[in-house]
Amino acid sequence: MKSAVETLEPTKVKLTVEVEYDELKPSIDHAYKHIAEQVNIPGFRKGKVPPRIIDQRVGWGAVIEHAVNEGLSGFYRDAVSAEELRPLGQPEVEVTGIPEKAGEGQLEFVAHVEVRPELELPELSAMELTVDSTEVSDEDVAERLDSLRERFGTLVGVDRPAVEGDYVVIDLKAVVGDEEVDSVSGVSYQIGAGNMLDGLDEALTGLSADETTTFTTNLAGGDHQGEEATVTVTATSVKERELPEADDDFAQMASEFDTLEELKADLREQVASSKSSNQAVAARDALLEKLLDAVEVPVPSGVVEAEVNRHLEQEGRLEDDEHRAEVTEDATKAIKNQILLDTLAEKLEVQVGQGELIEYLVQASQQYGMEPQQFIQTLDQTGQIPAMVGEVARSKALAVALRDIEVKDSEGNVVDLTEFIGSEEDDEAAAAATEAAQSEIADAESGDSAASADSPDSADSGESADEATKA
């Protein structure tokens with residue numbers, strides 16, 4: 001097989017492929033066999049019709065069409081591999097030549113496909129990143145303590161206009177034109193939560209118990225999604241959360257500690273741990289941002305368009321131009337990040353261990369509310385495991401890259417992120433563990449096969465089960 005690549009754009013190539021007759025012959029032989037099993041020709045049993053008779057009765061055109069359809073995807077994959085291309089979308093394939101008759105000619109086709117562009121990444125060791133300090137202030141501890149007190153707070157009615165943070169019991173009705181499209185009654189809503197309707201927080205602010213107001217908003221879901229509705233809302237009661245006193249009694253009620261000072265000391269440690277973790281997240285985000293600033297990443301328009309259409313079709317909003325613009329912006333950013341991180345992972349020769357993949361899949365299964373085994377089986381059946389490996393590799397690439405970069409906090413202190421980004425020794429240990437596990441599985445399967453071969457119930461045993469029963 002011969003192939004050649006012509007770069008049309010930074011993200012698009014033209015792949016020309018020539019397949020010799022001998023390479024196509026296995027597909028041609030399979031085509032003859034398949035057609036022989038399908039046709040009825042007097043004098044021949046199904047599946048036993050010779051190729052020359054098929055050529056006479058069915059025609060060479062049907063044979064070569066079947067052979068090309070069967071073999072084309074494999075030849076395309078082989079050519080992509082030989083040319084070291086990294087396709088990002090489905091190819092547009094045009095067959096430009098086929099063998100005119102049995103034994104002569106070759107298959108020729110051209111594929112236009114969008115590919116991952118070549119990027120020149122900056123030297124990682126020359127980079128410096130700055131993240132926030134992990135110093136814990138008294139205000140940090142007080143904020144954490146207030147959050148804990150809120151969990152044990154009680155709601156009490158107040159005789160005043162509602163303010164942000166208050167809990168309001170509401171009756172609500174939404175109307176589009178003359179049609180009532182939604183209504184709720186006796187629902188408790190915290191002003192500022194922002195999880196119901198746009199404009200609801202503003203409408204409730206300043207409203208006292210038994211007062212009513214109206215406002216207009218665009219509906220975010222349902223059969224009238226995107227339409228403007230007039231909403232009438234009544235506050236039947238206004239309540240504020242009353243917090244328990246911060247003292248030793250509260251510490252004993254809310255924790256395993258006897259005194260408030262002991263509780264505060266523990267909260268200080270929690271804040272410090274959280275800030276350390278946040279440093280790692282901030283460092284990863286800062287690194288990605290620096291790489292994006294330093295590298296021009298061409299984005300394949302066809303891949304973006306396909307992703308946008310898929311997203312809008314799922315939402316039933318293909319004709320929503322305003323939403324399309326928003327989704328296009330998000331998709332462009334996501335694909336740009338993916339291209340950059342794939343390049344980084346390849347440069348750093350990132351390997352994904354079996355344990356890392358399983359850990360990621362278990363976490364992902366929880367997000368979808370599925371059992372891990374069922375989730376993994378579903379991904380396997382739909383061929384999505386390689387995509388999951390890519391996700392893990394991209395995330396790991398940032399962690400591996402950070403090992404070569406000096407990270408400092410806002411006070412100029414060098415930050416040790418080893419706990420969060422691992423080390424080469426950790427990777428080697430994980431690889432060794434994976435290799436050992438795979439070896440154990442292979443040994444176990446080999447042992448099962450040997451045991452099956454030696455079993456009295458095996459096909460090679462001298463006496464079958466039925467014969468033994470008869471005896």
Side-chain angles (χ1 to χ4, degrees), residues 132-133 135-176 180-222 224-247 249-251 253-255 260 263-264 266-268 270-275 277-278 281-282 285 322-323 326 329-330 367:
D132 291 337
S133 169
E135 183 180 352
V136 181
S137 67
D138 292 340
E139 288 76 14
D140 293 329
V141 177
E143 184 178 336
R144 185 66 67 98
L145 179 60
D146 286 344
S147 297
L148 184 59
R149 291 169 64 203
E150 286 183 3
R151 289 169 51 189
F152 291 87
T154 55
L155 295 179
V156 294
V158 293
D159 185 17
R160 58 166 174 75
V163 298
E164 184 172 353
D166 283 346
Y167 290 80
V168 184
V169 177
I170 61 173
D171 296 336
L172 180 147
K173 180 177 68 175
V175 176
V176 174
E180 182 178 313
V181 297
D182 195 12
S183 66
V184 295
S185 180
V187 173
S188 179
Y189 176 78
Q190 184 181 22
I191 299 179
N195 55 7
M196 283 190 68
L197 291 172
D198 286 342
L200 180 60
D201 291 331
E202 293 79 1
L204 290 176
T205 301
L207 215 61
S208 297
D210 297 324
E211 289 187 341
T212 300
T213 189
T214 60
F215 64 97
T216 58
T217 186
N218 289 324
L219 299 177
H224 295 271
Q225 180 177 358
E227 296 183 33
E228 187 176 79
T230 300
V231 181
T232 302
V233 60
T234 299
T236 60
S237 67
V238 179
K239 300 179 181 180
E240 67 178 3
R241 187 180 291 278
E242 191 174 83
L243 305 184
E245 193 69 29
D247 53 22
D249 289 339
F250 172 71
M253 175 182 67
S255 70
L260 181 62
L263 174 58
K264 285 184 175 181
D266 183 67
L267 293 177
R268 186 174 291 274
Q270 291 181 29
V271 173
S273 176
S274 176
K275 287 196 172 188
S277 178
N278 290 342
V281 175
D285 292 345
E322 184 177 347
H323 188 49
E326 296 172 356
E329 183 178 351
D330 292 341
Q367 296 176 355

Peer 1: Any side-chain heavy-atom pair from Val168 and Ile191 closer than 4.5 angstrom?
Peer 2: yes

Peer 1: Does Ser147 use its side chain to pair, donor to acceptor, with the backbone of Glu143 at less than 3.5 Å?
Peer 2: yes

Peer 1: Between atom OH of Tyr167 and atom OG of Ser237, what is the distance when rounded to the nearest 0.5 Å?
Peer 2: 13.0 Å

Peer 1: Please round to the nearest 0.5 Å and tell me the distance separating atom CG of Asp140 and atom CD of Gln270.
Peer 2: 12.5 Å

Peer 1: Just how far is it from atom CG of Leu155 to atom CG of Asp166, taken to the nearest 0.5 Å?
Peer 2: 9.5 Å

Peer 1: Could you check Val233 against Leu197 for side-chain contact (heavy atoms from CB on, under 4.5 Å), going step by step and ending with a plain yes or no?
Peer 2: CA-CA 11 Å; Val233 60; Leu197 291 172; over 6 Å; no

Peer 1: Quick one: CG on Leu172 to CG on Asp182, what's the gap to the nearest 0.5 Å?
Peer 2: 7.0 Å

Peer 1: Does atom CZ of Arg151 have more than 12 heavy-atom neighbours from other groups under 6.0 Å away?
Peer 2: no

Peer 1: Looking at every non-hydrogen atom in both residues, tell me the closest pair between Lys264 and Leu145 and how far apart they are.
Peer 2: CE-CD2, 4.0 Å

Peer 1: What's the shortest heavy-atom distance between Pro161 and Gly206, and which atoms?
Peer 2: CB-O, 3.6 Å

Peer 1: Do any N or O atoms from the side chain of Asp201 and from the backbone of Gly192 form a donor-acceptor pair under 3.5 angstrom?
Peer 2: yes

Peer 1: For atom CD of Glu329, decide whether the heavy atoms of other residues, nucleotides or ligands shown that lie under 6.0 angstrom number more than 12.
Peer 2: no

Peer 1: Quick check: does any side chain N or O of Lys275 sit under 3.5 Å from a backbone N or O of Glu135, one acting as donor and the other as acceptor?
Peer 2: yes

Peer 1: Determine, stepwise, if the pair Glu202 / Phe215 fulfils side-chain contact (heavy atoms from CB on, under 4.5 Å).
Peer 2: CA-CA 9 Å; Glu202 293 79 1; Phe215 64 97; over 6 Å; no

Peer 1: Over all heavy atoms of both residues, which pair between Tyr189 and Gly194 is shortest? Give the atoms and the distance, please.
Peer 2: OH-N, 2.9 Å

Peer 1: Taking atom OG of Ser183 and atom CG of Asp171, what is their separation to the nearest 0.5 Å?
Peer 2: 9.5 Å

Peer 1: Around atom CD of Glu150, are there more than 12 heavy atoms from other residues, nucleotides or ligands closer than 6.0 Å?
Peer 2: yes

Peer 1: Quick one: closest heavy-atom pair of Val136 and Arg268, and the distance?
Peer 2: O-NH1, 3.1 Å

Peer 1: Would you find more than 12 non-hydrogen atoms of other residues, nucleotides or ligands less than 6.0 Å from Asp285 atom CG?
Peer 2: yes

Peer 1: Quick check for you: to the nearest 0.5 Å, what is the distance between Thr236 atom OG1 and Asp210 atom CG?
Peer 2: 7.5 Å

Peer 1: Above 12 or not: heavy atoms from other molecules or residues under 6.0 Å from CD of Glu242?
Peer 2: no

Peer 1: I want to check something: taking the side chain as every heavy atom from C-beta on, are Asp146 and Arg149 in contact at a cut-off of under 4.5 Å?
Peer 2: yes

Peer 1: Specify the closest pair of heavy atoms between Leu267 and Arg144, including all atoms of both residues, with the distance to one decimal.
Peer 2: CD2-CG, 3.6 Å

Peer 1: Testing the basics here: between Leu207 and Ala235, what is the closest heavy-atom pair and its distance to 0.1 Å?
Peer 2: CD2-CB, 4.0 Å

Peer 1: Any non-hydrogen side-chain atom of Gln190 less than 4.5 Å from a side-chain atom of Arg241?
Peer 2: no

Peer 1: Does a sphere of radius 6.0 Å around CG in Asn195 hold more than 12 heavy atoms from other residues, nucleotides or ligands, not counting ones at 6.0 Å or beyond?
Peer 2: yes

Peer 1: Can you name the side-chain contact (heavy atoms from CB on, under 4.5 Å) partners of Glu227, sequence neighbours left out?
Peer 2: Val176, His224

Peer 1: Mind checking side-chain contact (heavy atoms from CB on, under 4.5 Å) for Asp249 and listing every partner two or more places apart, or none if nothing turns up?
Peer 2: Asp247, Gln252

Peer 1: Is Asn278 close to Asp132 at the side-chain level, that is, under 4.5 Å between some pair of heavy atoms?
Peer 2: no

